[in-house]
Amino acid sequence: MSNRIKFYGKADMANGYMLGKALPILQQLKLSKEYVNINDIIELYNVQKFIHAQIFRKDFKSDEKALFNEQNSKIINQIVGRFFSKVDDGTIANYFGKIERGYTKDALELLEKYNVHKRISWDSFKHFIDSNHIPVFYIVECEKIVNTFDNNIRELILKDNQSIDLLITKYLKRSPVRQVFLPKSLSLEDKEQIVKNYIDSAIVHPGTLEIIINLPIDSDFKISDDTRLAAKNRYDQEMNNIFAKSGNSGFQTTIESEINNKQKEPVIIDYKENRFYISVSSKWIRDNLDYPTLLNNFIHIYNFVDKENRIEFISKPNHTSTLEKVFMNTDLKKVYVKSSFFDVYNSFAVIAMISYCEFLEKDCNIRIEEVLQWFFDEYLVNEFNIHDFIVNMPSSGSTYLEKCRTICCEFESVLKQYEVLVKFGTVNHDFIELSSKPMDYHTINSLIPDKYIYLNENNQDCQNTLYWLFSDQTMLTYLPHRKDDEEYNCLYELLMNTTVNISEYEEYQRNGIKWLITKGILKQDSQGNLALHDKLEAIILCDLYKNGFVSNQFLERFQLNKPLKNLQQKCWIYNESSLFAKQECDYLDFYLNKSKFTNGQDLRNTYLHGTQRKRGADIDLHRVNYYRLLMFVVMAIIKINEELCYKAEHAETKEE
């Protein structure tokens, strides 16, 4: 196959080499020439794809480019058509075991295109695919072939233990690379049998078993709870085997949180070398036991939110390494995409929460629940004249299981009451009692207009700019002739810290630079030095790239209205208002429900519907879950307080 021409797509880096080999074939192309080797015919078919693509090498002369014309495409059509018109039950045996490995998919395309499948029997087709080692995955991409041999291909799929991949691609992928056409005779029972066959097979992948365990309910592909349980048991078995064999190998992350009696600084945080460490001064806490400060500690000490009041623990694209993106199932429908950093960081947050709250209770005789209750009972009344909030935090005598059940109800109650407060200006409990609408975090309105700014993912210029400026995969930080020791992750960092001349890039690197100049993102002076055209605009885009959204209110404080207006005019960004940003809602949905994400933790439904573990050994699990649920209440309080402060501040401004 190494000597054959193959078209892999317009953007493939092998095109220059392949075009050089296609040229002599077109120069010698004759309609009268007879072809016997099927691989020669398939090669012509690939040359025709280059004609349709109309891509050329820079060193091609005009007469060489002219060979890639419509007339030659028609000649190839005639030659290929003439060849495949003779393929039938009597001649197909000539091609058993003859298809070169890289041409198997092309062979199927041509059999389908010239209706060979209608002229041959299943036995002949079966010999053809078996002798040429053509996988089922290629066959089910050919709709006409699948329809012709429906029942036979159904049997083929059922016999292959790895057919689970077909179902995952067909039903679970967001944007599948290839289209799958399953036989109409493949029933729901057959699909579940495919899943069972995979679970019982000798070779399984833990990631695929996880997909089965979290399989969403779909009318065209669903499994029983028994099958789901079998997948979980096999997953546990495989993971135990992996760690038993690996011994002490692998990465180890240390998570530490302490309240230090000797520490002078309020807080010391360390996030490096696989160590997450936070130490808080006990003196700081004891000297500041007023309830407002105890709540503010979640912001300024424990960093539950960042400077823009965004929840810090959500899944962020920049936290996922390139290696993780390769191996993660990031393109599955209804899956919350999270990195290993996300898991560690959220575990760290819970441990810090436990450390802080239990220190307050044991050493300061203050229950965190009392502080949260104070916010609703006294703070809202005294600061904002809101008297109608009714919240009942868990009592001290409750078990962690009971506390989890209570806090799930109260968290939802807080959000419903706030939603009604925004709607009516007061907490209308009659409306809440009559409403049967399930809680949807995305629909909770905000008192702050145009609160969050999001990227327009459908704007291709915006997406291209983000890639060239901020991705660590562009090669634009590589300056071949520069000896600086400084390393930068992306072009944006490079330009913000150094002066770069376009001559420092090789020719193959300059396409991205030239595109950014054309679009007005970069500028080039008379000496060839490059710079960001609008640094403030780039700073906003960088924030959006890293976090997915930004606070409009925060940006307005720094008078960034002009770059924001420019981005809006280009339709790169848009505004929406809600209590939580979209990504924050997804974060809450991941932990609390399973309606949106099949891999969600489902804490809310687990406790409210009584499906949580009830064995005594799980007390520690309920303890961890309780403090995680308390974190969500704290986050809601931070968000609500931000909005009420905004409303009060702007009311005062109007009066003045």
Exercise for the section: With rounding to the nearest 0.5 Å, note down the distance linking CD in Gln463 to CH2 in Trp572. Expected result: 9.5 Å
Practice task
In plain terms, say whether Lys61 and Asp63 are close enough for a salt bridge, that is, a side-chain N and a carboxylate O under 4.0 Å apart.
Solution key: no
Problem - Basic-acidic side-chain contact under 4.0 Å: Lys126, Glu155 - result: no
Exercise for the section: Could you check Phe149 against Phe125 for ring-ring contact (aromatic ring centres under 6.0 Å, His included), going step by step and ending with a plain yes or no? Expected result: CA-CA 9 Å; Phe149 302 116; Phe125 183 69; 5.2 Å; yes
Problem - Parallel, tilted or perpendicular: rings of Phe342 and Tyr587 (30°, 60°) - result: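 Perpendicular, since the angle between the ring planes exceeds 60°.
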Exercise for the section: Quick one: sort the Tyr452 and Phe549 rings into parallel, tilted or perpendicular, breaks at 30° and 60°. Expected result: perpendicular
Within the 3.5 Å criterion, strictly below it, is a donor on [X] or [Y] matched to an acceptor on the partner's side chain?
X: Asn214; Y: Lys334; value: no
X: Lys10; Y: Asn15; value: no
X: Ser121; Y: Ser124; value: yes
X: Asn39; Y: Asn37; value: yes

Problem - side-chain hydrogen bond (donor to acceptor under 3.5 Å, both in side chains) partner of Tyr171, chosen from Lys222, Lys191, Lys333 - result: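 Passing option: Lys191.
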Handout entry: Qualifying residue for side chain to side chain contact (heavy atoms under 4.5 Å, CB included) with Tyr103, from Glu109, Lys98, Lys6
Key = Lys6
Problem - Check: Val87 and Tyr95 side chains under 4.5 Å, non-hydrogen atoms - result: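 A side-chain contact exists here, since the closest heavy-atom pair is under 4.5 Å.
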Problem - Within-4.5 Å side-chain heavy-atom neighbours: Lys316 and Asn547 - result: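 Touching, per the 4.5 Å side-chain cut-off.
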Problem - Sequence-distant partners of Asp586, salt bridge (Lys or Arg N to Asp or Glu O under 4.0 Å), two or more places apart - result: Lys596
Exercise for the section: Kindly write out the residues that satisfy ring pair (Phe, Tyr, Trp, His ring centres under 6.0 Å) with Tyr138, not counting sequence neighbours, or none if the list is empty. Expected result: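 Expected list: none.
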